[in-house]
Amino acid sequence: MKVEKLVEIIGSDFYAGVPDSQLKSLCNYLMNEYGIDSKHHVIAANEGNCVALAAGYHLATGKVPVVYMQNSGEGNIINPVASLLNDKVYAIPMVFIVGWRGEPGIHDEPQHIYQGEVTIKLLEDMGIKSFAIGKDTTDEEVASVMEDYKKVLAEGKDVAFVIRKGAISYEGKVKYSNENKLTREEIIQHIVKVTGEDPIISTTGKASRELFETRVANGQSHKYDFLTVGSMGHSSSIALGVAVNKPDTKVWCVDGDGALLMHMGSMAVLGANSPENMVHIVINNGAHETVGGMPTVASKLDIVAIAKACGYPYAVSVDSFDDLDRELVAAKSRKMLSLIEVKCSIGAREDLGRPTTTAIENKKNFMEYLTEL
């Protein structure tokens, strides 16, 4: 189904979302049609944020908004759907477009398997009527479902279109880029060189994949790393939990700008606890690159100032390998919580692989290593 037709059938002029690779066609269409225009299209920090934005749109206009997301974002919308949108509370109508990663019977990464199994059930449990769009779904079928949905929406209830792999298409192209020079994989290689045998907790997406491949290229064990293959935005909190329980070990967190934004309150908790043995590295390319490259707002933020305001005793931003190496070496010996923001380009090599060990094996090996420290 062409994205343009889906958008026409839904008939909304406001979209808020967190990008998803399965919804790349929709994301690219919205970027070409609206860009990032707060009146029509907002890429938000997390999915709950999207719901609240869309609720505000409805309150101001009386019209029905659309929220798009990967199915992993369903967890982030449960609270506002149940306590804000629900027809027993404010009865705010909303259309959700959900990318169905990990659909049963379709091969996917481990973090998507269980989420895929419960995608429809979670929507049902939240009282959200859903319809799955596949490659063979016709425009007429979707239009008919939308006519039924209009009656549901008129009652102040919410509905969803669940998008199967390859179900929607868009011929338009969008090129995502920035002016930064450093590549993320090289940044990670520099980090690994300095950290030595210190444990690293890395964020979801290409950062963890590149860390895994860096260890392979170096002939190193993977036991030093915990790859947070899901749970976007929570790597720094995992690292904090490790750091406070291993106070004599330097603990490193390799984070991304999209992940940092998704649960930025964790920075306040980090700053308040201020573990002197932890280094928080934020690789900032201003993009949700792993799912297609759509922009985040991080390129407009002063992350160093935010970190300091949250209580980080040391924070710095770098955009060259000389500065990065100097700050990494200093952070390794510094006895205070440190943040290093690294300005990064958008892009990764085409043949980037995925971890060949299972998530359970990763956890087991990492935990065993921590017992040695």
Side-chain angles (χ1 to χ4, degrees), residues 2-4 6-7 10 12-51 53-54 57 65-74 76-77 95-101 109 112 161 163 165-180 183-184 203-210 230 232-233 255-264 282-301 303 343-348 350 352:
K2 291 190 178 299
V3 163
E4 297 93 326
L6 176 62
V7 169
I10 293 173
S12 177
D13 68 351
F14 180 80
Y15 285 72
V18 175
D20 169 40
S21 56
Q22 206 122 301
L23 301 179
K24 187 175 180 179
S25 297
L26 173 65
C27 295
N28 285 345
Y29 168 83
L30 292 171
M31 287 300 297
N32 273 340
E33 188 73 13
Y34 300 122
I36 299 187
D37 170 8
S38 57
K39 204 165 177 58
H40 297 288
H41 177 222
V42 178
I43 296 177
N46 65 54
E47 295 80 4
N49 183 196
C50 296
V51 170
L53 278 164
Y57 165 87
V66 178
V67 167
Y68 64 88
M69 60 183 174
Q70 186 181 112
N71 54 347
S72 61
E74 286 181 335
N76 283 335
I77 70 168
V95 176
F96 291 95
I97 299 179
V98 182
W100 197 352
R101 296 295 303 271
E109 297 171 65
H112 299 299
F161 288 107
I163 309 300
K165 187 175 183 179
I168 57 176
S169 63
Y170 176 58
E171 294 180 1
K173 304 295 182 183
V174 183
K175 180 173 175 57
Y176 300 103
S177 62
N178 60 35
E179 300 300 318
N180 301 325
T183 67
R184 186 183 47 253
T203 189
T204 188
K206 290 183 178 177
S208 280
R209 292 164 61 184
E210 289 167 343
M232 183 171 170
D255 217 344
D257 57 291
L260 186 80
L261 289 168
M262 183 161 281
H263 296 293
M264 201 159 64
V282 180
I283 301 177
N284 183 3
N285 62 6
H288 287 285
E289 190 197 329
T290 298
V291 292
M294 286 66 70
T296 72
V297 298
S299 59
K300 299 179 180 179
L301 301 182
I303 290 175
K343 298 293 182 68
C344 177
S345 62
I346 297 174
E350 291 292 329
L352 179 63

Under 3.5 Å, is there a donor-acceptor pair between the D13 and Y34 side chains?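 No, no side-chain donor-acceptor pair sits under 3.5 Å.
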Give a yes or no answer on whether the side chain of [X] reaches the backbone of [Y] with a donor-acceptor pair at less than 3.5 Å.
| X | Y | value |
| --- | --- | --- |
| H41 | Y15 | no |
| N178 | C344 | yes |
| E4 | Y170 | no |
| D257 | S299 | no |
| R209 | L352 | yes |

Minimum-distance pair of heavy atoms, taken over all atoms of [X] and [Y]:
| X | Y | answer |
| --- | --- | --- |
| N46 | N76 | CB-ND2, 4.0 Å |
| S345 | T183 | OG-CA, 3.7 Å |
| L23 | I97 | CD1-O, 3.7 Å |
| I36 | P295 | CD1-CG, 3.2 Å |
| C27 | Y176 | O-OH, 4.4 Å |
| Y57 | P65 | CD2-CB, 3.5 Å |

Check the pair V98, E74 against side chain to side chain contact (heavy atoms under 4.5 Å, CB included), reporting the backbone distance first and the verdict last. CA-CA 9 Å; V98 182; E74 286 181 335; 4.2 Å; yes
Determine, stepwise, if the pair K2 / E171 fulfils salt bridge (Lys or Arg N to Asp or Glu O under 4.0 Å). CA-CA 9 Å; K2 291 190 178 299; E171 294 180 1; 3.4 Å; yes
Quick one: which of V7, L6, D20 gives a side-chain contact (heavy atoms from CB on, under 4.5 Å) with L26?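 Going through the options one by one, the only one that passes is V7.
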Start with the C-alpha distance between H288 and M232, add both sets of side-chain angles, then the distance that settles side chain to side chain contact (heavy atoms under 4.5 Å, CB included), and finish with yes or no. CA-CA 11 Å; H288 287 285; M232 183 171 170; 3.8 Å; yes
So M294 and N28, side chain to side chain contact (heavy atoms under 4.5 Å, CB included) or not? Walk me through it. CA-CA 8 Å; M294 286 66 70; N28 285 345; 4.1 Å; yes
With a 4.5 Å heavy-atom cut-off, do Q70 and H112 have their side chains touching?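 With C-beta onward as the side chain, the pair touches.
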More than 12 foreign heavy atoms under 6.0 Å from NZ of K206: is that the case here?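 Atom NZ in K206 is packed in, count exceeds 12.
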Worked verdict on E109 versus R101 for side chain to side chain contact (heavy atoms under 4.5 Å, CB included): CA-CA 9 Å; E109 297 171 65; R101 296 295 303 271; 3.5 Å; yes
